[in-house]
Chemist: 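Have a look at this one.
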Amino acid sequence: MKYLEKIQAFLPLGYIYLIILGLLKETILFYPLGINILKYSSLTDILISPVSDMISNPILILVVLSVVLLFFLIQLLIIKYSHTNVVQKILKSYRLNPDLDKRDLRKAMIPSFVILAGFELLALFVGLGIGQGEKIKKRLDTQTLKENYILTASSGETNPVYLIDINSIYYFYIKKGEKKIKIAPVGSIGHLEVINKN
């Protein structure tokens, strides 16, 4: 029961961390495009953004799981070889007592690995935001964006578009042959049709 209470105590910190990840990634993604995404997003959009990015991209899930697994394996190796001089120097550099028994050492190492995993996620999402934003900006400037959807407005007008992003309130897209980003409320869009990549 105490373990569950500890998790519940850290749950608000997890939400705050997800909000920070979402804010950073979305802001960095839209900054090169000249859009202040905070004006067009709800708190729910920002909170869900990191989770939806991971779920929609299997490679991202594999990277996150691989790094967490790597951290876990490193922890196991450090505990297994805690009696060696090299590992004891590493433990001292992290201000951990190398003379602890293996169970206490495992408990003492958990905060270090949680912090490392947190920095890994932060670096991953900031990198994704920078990469995606710059890629879209470069392709927009050189007119090399490939349309990925056919957008039908509620008026019935259809256009091939490059869809940048969607949130609960707005669509962000670029019409074929244009350099300006359009921001349309969800209610003004009838439906989207995926353009098959051949």
Side-chain angles (χ1 to χ4, degrees), residues 11-68 117-198:
L11 205 54
L13 291 175
Y15 284 128
I16 290 170
Y17 188 68
L18 277 178
I19 290 170
I20 291 169
L21 282 181
L23 277 172
L24 283 173
K25 192 243 178 205
E26 294 294 314
T27 303
I28 291 170
L29 171 85
F30 283 98
Y31 179 76
L33 305 174
I35 297 172
N36 181 356
I37 192 64
L38 298 179
K39 290 182 178 179
Y40 300 100
S41 297
S42 68
L43 183 60
T44 307
D45 295 327
I46 292 168
L47 183 63
I48 292 175
S49 172
V51 176
S52 68
D53 286 341
M54 281 195 290
I55 290 172
S56 66
N57 191 343
I59 294 172
L60 195 56
I61 293 173
L62 289 175
V63 168
V64 170
L65 290 178
S66 298
V67 171
V68 170
F119 277 124
E120 178 260 338
L121 283 173
L122 180 68
L124 183 69
F125 280 98
V126 168
L128 279 173
I130 291 170
Q132 289 175 341
E134 290 298 324
K135 182 172 116 178
I136 292 170
K137 175 72 172 150
K138 183 179 178 183
R139 289 184 178 175
L140 180 61
D141 290 341
T142 59
Q143 290 288 302
T144 56
L145 284 171
K146 301 280 184 201
E147 291 74 25
N148 53 2
Y149 286 90
I150 295 175
L151 182 140
T152 304
S154 55
S155 65
E157 178 189 357
T158 61
N159 289 300
V161 298
Y162 177 80
L163 186 65
I164 298 171
D165 200 5
I166 302 171
N167 64 24
S168 62
I169 308 168
Y170 294 100
Y171 285 83
F172 303 87
Y173 64 92
I174 303 163
K175 286 185 179 179
K176 184 175 184 174
E178 294 186 7
K179 282 192 169 187
K180 292 187 178 179
I181 297 171
K182 308 279 188 208
I183 302 170
V186 170
S188 68
I189 305 298
H191 66 272
L192 290 172
E193 181 181 333
V194 177
I195 297 175
N196 291 330
K197 298 176 185 175
N198 293 330

Chemist: To the nearest 0.5 Å, how far apart are OG1 in Thr158 and NE2 in His191?
Modeler: 8.5 Å
Chemist: Could you tell me the separation between the CD1 atom of Ile48 and the CG atom of Asn167, rounded to the nearest 0.5 Å?
Modeler: 10.5 Å
Chemist: Identify the heavy atoms of Ile46 and Ile19 that sit nearest to each other, and give their distance.
Modeler: CG2-O, 3.5 Å
Chemist: Would a distance-only check, ignoring hydrogens and angles, find a side-chain to backbone donor-acceptor pair under 3.5 Å from Ser56 to Asp53?
Modeler: yes
Chemist: Partners of Ser42 by side chain to side chain donor-acceptor pair (under 3.5 Å), sequence neighbours excluded?
Modeler: Asp45
Chemist: Can a donor-acceptor pair be found, under 3.5 Å and without considering hydrogens, that links the side chain of Asn159 to the backbone of Leu151?
Modeler: no
Chemist: Check the pair Tyr17, Leu122 against side-chain contact (heavy atoms from CB on, under 4.5 Å), reporting the backbone distance first and the verdict last.
Modeler: CA-CA 9 Å; Tyr17 188 68; Leu122 180 68; 3.6 Å; yes
Chemist: Considering non-hydrogen atoms only, spot the tightest contact between Asn148 and Tyr162 and give its length.
Modeler: OD1-CA, 3.3 Å
Chemist: Can you name the nearest heavy-atom pair linking Glu178 to Gln143, along with the distance?
Modeler: O-NE2, 3.3 Å
Chemist: Looking at Ser188 and Ala184, would you say the former's side chain and the latter's main chain have a donor-acceptor pair under 3.5 Å?
Modeler: no
Chemist: So, do Tyr40 and Phe30 have ring centers that fall under 6.0 Å from each other?
Modeler: no
Chemist: Nearest 0.5 Å, please: how far is NZ in Lys175 from CD1 in Ile181?
Modeler: 14.0 Å
Chemist: Report the residue from Leu33, Val161, Ile183, Ile136 that forms a side-chain contact (heavy atoms from CB on, under 4.5 Å) with Phe172.
Modeler: Ile183
Chemist: With no hydrogens and no angle check, is any side-chain donor or acceptor of Ser52 less than 3.5 Å from a backbone partner on Ser49?
Modeler: yes
Chemist: I need the Leu47 CG to Leu21 CG distance, nearest 0.5 Å.
Modeler: 10.5 Å
Chemist: Kindly give the heavy-atom pair with the smallest separation between Met54 and Ile61, and that separation in Å.
Modeler: O-CG1, 2.7 Å
Chemist: Check whether any side-chain heavy atom of Val186 lies under 4.5 Å from a side-chain heavy atom of Tyr170, and answer yes or no.
Modeler: no
Chemist: Would you say CG of Leu13 has more than 12 non-hydrogen atoms from neighbouring residues, nucleotides or ligands within 6.0 angstrom?
Modeler: yes
Chemist: With the side chain counted from C-beta on, respond yes when Ile37 and Asp165 share a heavy-atom pair under 4.5 Å apart, and no when they do not.
Modeler: no
Chemist: Going by salt bridge (charged side-chain N to carboxylate O under 4.0 Å, His left out), name the pairs with one or both residues in residues 126-135, residues two or more places apart or in two chains.
Modeler: none
Chemist: Determine the minimum heavy-atom distance between Pro50 and Gly22, stating which atoms define it.
Modeler: CG-N, 3.6 Å
Chemist: Between Lys179 and Asp141, is there a donor-acceptor pair closer than 3.5 Å when you use the side chain of the first and the backbone of the second?
Modeler: yes
Chemist: Show, in sequence, the C-alpha distance, side-chain angles and deciding distance for Glu120 and Val64, and conclude whether the side-chain contact (heavy atoms from CB on, under 4.5 Å) test is met.
Modeler: CA-CA 8 Å; Glu120 178 260 338; Val64 170; 4.3 Å; yes
Chemist: Determine whether Val67 and Leu124 make a side-chain contact, defined as any pair of heavy atoms from C-beta on separated by less than 4.5 Å.
Modeler: no
Chemist: To the nearest 0.5 Å, what is the distance between CG (Leu29) and NZ (Lys137)?
Modeler: 13.0 Å
Chemist: What is the minimum heavy-atom distance between Ile28 and Gly129, and which atoms define it?
Modeler: CG2-C, 3.5 Å
Chemist: What is the distance from atom CG of Leu145 to atom CD1 of Ile164, rounded to the nearest 0.5 Å?
Modeler: 7.5 Å
